[in-house]
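Worksheet for the structure shown next.
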Amino acid sequence: GRTMMLAMLAGAAVGAGILIFVRMAVRPVPGVAATLARVDGARRRSRPRRKVEDGKKPDLIDRWRVSVGERFEDEASARGWSFTRTRADLAVVDRPFAQHLGTKVLLALAALVWFPMIFTLLGYDPLGVPAVVSLVLAAGAFFLPDLDLRRDAEKRRRDFRHVTGSFLDLVAMNLAGGRGL
């Protein structure tokens with residue numbers, strides 16, 4: 001009963017992992033959209049990048065994040081996924097899309113490794129309920145940067161609306177006071 005269910009869940013998890021690995025490792029025959037996405041990605045990466053703050057060199061994690069993000073950005077562009085709202089929010093907070101995607105993927109992978117280790121250290125069998133909880137937490141970790149991005153973008157939009165409204169009030173008062181254009 002229970003061991004059979006755990007064995008089936010373990011087999012399904014291993015099968016899903018192998019499928020994901022094969023899908024990531026084997027490149028499909030590129031169509032027109034994929035070729036254009038690859039060319040656009042190469043052109044985008046050839047542009048000069050912004051300098052890192054305080055003259056620091058990017059560390060290994062930052063390089064991984066950008067590299068993984070660029071790969072996923074190329075794949076998403078090849079599949080025709082636009083991420084319109086995410087790109088708009090990233091433009092507001094002035095962050096690159098590839099860095100955001102890389103953060104999402106690496107955070108989810110870290111959670112997928114970290115939480116099973118924690119469950120094992122706490123004495124739980126890593127299969128069964130802890131495996132499902134770990135997958136749910138990894139999925140949550142994948143979407144966590146999106147929530148942070150939405151919050152930051154909304155804060156900047158609210159500040160912009162406030163500043164614009166204050167400026168327009170000042171202009172209206174000056175025009176009403178006879179200052180002219």
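Note that the structure is predicted; figures quoted are calculated from it, not measured.
- Contact between V113 and P116 at its shortest, heavy atoms only, is O-CD, 3.5 Å.
- The shortest side-chain heavy-atom distance between D146 and H100 falls under the 4.5 Å cut-off.
- Cluster annotation: L109 is connected to I20 through the hydrophobic network of ILVMFWY side chains, with a link wherever side-chain heavy atoms come within less than 4.5 Å.
- Residue-environment remark: CE (M5) stays at or below the threshold of 12 foreign heavy atoms within 6.0 Å.
- Annotation: side chain of L112 is in contact with side chain of L135 (closest heavy-atom distance under 4.5 Å).
- When the side chains of ILVMFWY residues are joined at heavy-atom separations under 4.5 Å, either directly or via intervening members, L9 and L137 end up in two distinct hydrophobic clusters.
- Between R65 and D62 there is a salt bridge, since a side-chain N of the basic residue sits under 4.0 Å from a carboxylate O of the acidic one.
- Contact check for V105 versus R71: no side-chain heavy atoms found under the 4.5 Å cut-off.
- F119 has its side chain within reach of V133: a pair of non-hydrogen atoms, C-beta onward, lies under 4.5 Å apart.
- Of the candidates K155, R161, R156, K155 is the only one forming a salt bridge (Lys or Arg N to Asp or Glu O under 4.0 Å) with D159.
- The side-chain heavy atoms of D148 and R151, taken from C-beta on, include a pair separated by under 4.5 Å.
- One finds the CG atom of D152 at 5.0 Å from the CZ atom of R95 (value rounded to the nearest 0.5 Å).
- Between the side chain of S67 and the backbone N or O of R63, no donor-acceptor pair lies under 3.5 Å.
- In this structure, F115 is not a member of the same hydrophobic cluster as L144, with clusters built from ILVMFWY side-chain heavy atoms closer than 4.5 Å.
- The shortest distance between side-chain heavy atoms of H162 and R158 does not fall below 4.5 Å.
- L107 and F143 are assigned to two separate hydrophobic clusters, defined by single-linkage of ILVMFWY side chains at heavy-atom distances under 4.5 Å.
- Residues R157 and D89 are paired through a salt bridge, judged by an N-O separation under 4.0 Å between the basic side chain and the carboxylate.
- The shortest non-hydrogen separation linking A111 to A141 is CB-CB, 3.7 Å.
- The same ILVMFWY cluster, assembled from side-chain heavy atoms under 4.5 Å apart, contains both L101 and F142.
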